[in-house]
Amino acid sequence: MSDALTAETKKLPAASLGGPGRPDPARCSLAAIERLTAVAGSDMALTQIQLDVSSHAIGQRNVEVCAKVDKRTRSIVFASVEALLGKEMVFRAQALFSRKHDQT
């Protein structure tokens with residue numbers, strides 16, 4: 001799978017992240033994990049995540065969320081996601097995924 005095929009941009013309503021006030025870290029975390037998991041692939045399990053959330057009000061517009069694979073090997077994936085409202089960051093996250101083990 002090419003990393004170019006694992007980059008994905010999606011628009012989310014600010015309300016889904018806690019708007020119009022400050023972003024809600026729990027909602028941002030869920031959105032980040034969803035987007036990161038989508039680009040990492042169904043054969044990968046989330047191992048570690050680091051999340052940064054802004055503290056400014058985000059209003060009611062759509063937030064552009066872009067997730068991508070930064071590096072992929074056979075057994076691990078490094079992925080990142082950034083949510084922007086115009087040029088201002090709403091949240092960003094970096095994650096490490098490892099290959100799921102079959103349980104037979």
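More than 12 heavy atoms of other shown residues, nucleotides or ligands fall within 6.0 angstrom of atom CZ in R27.
Among all heavy-atom pairs drawn from R72 and V39, the shortest one is NH2-O, 3.4 Å. Scanning both residues, I33 and L46, for their nearest heavy atoms gives CG1-CD2, 4.1 Å. Closest non-hydrogen pair, P23 versus V90, comes out as CG-CG1, 3.8 Å. Residues A32 and A93 come closest through the heavy atom pair CB-CB, 4.1 Å.
Distance CZ/R22 to OG/S54: 9.0 Å, rounded to 0.5 Å. Summarising the geometry, atom NE2 belonging to H56 is positioned 4.5 Å from atom CD belonging to E88; distances are rounded to the nearest 0.5 Å. Separation of atoms NZ (K11) and SG (C66) is listed at 12.0 Å; rounding is to 0.5 Å. For the atom pair CG (L12) and CG (L85), the distance works out to 11.5 Å, reported to the nearest 0.5 Å. Residue E34 holds its CD atom at 5.0 Å from NZ of K10, rounded to the nearest 0.5 Å. In this structure, the separation between CZ on R99 and NE2 on H101 is 9.5 Å, given to the nearest 0.5 Å.
Looking at S16, its side chain does come within 3.5 Å of a backbone N or O of P13 through a donor-acceptor pair. Under the 3.5 Å distance criterion, the side-chain polar atoms of R92 are left unmatched by any main-chain donor or acceptor of A83.
F97 pairs in a side-chain contact (heavy atoms from CB on, under 4.5 Å) with only one of the listed residues (I76, I49, L36, V69), which is L36. Results of the side-chain contact (heavy atoms from CB on, under 4.5 Å) test with L17 over V53, I58, D24 single out I58 as the only residue that passes.
Note: the hydrophobic cluster containing L96 does not contain F91 (ILVMFWY, side chain heavy atoms under 4.5 Å, direct or indirect links).
Under 4.0 Å is where a charged nitrogen must lie from a carboxylate oxygen, and between D70 and K68 at least one such pair does. In this structure, K100 does not pair ionically with D43, as no charged nitrogen and carboxylate oxygen lie closer than 4.0 Å.
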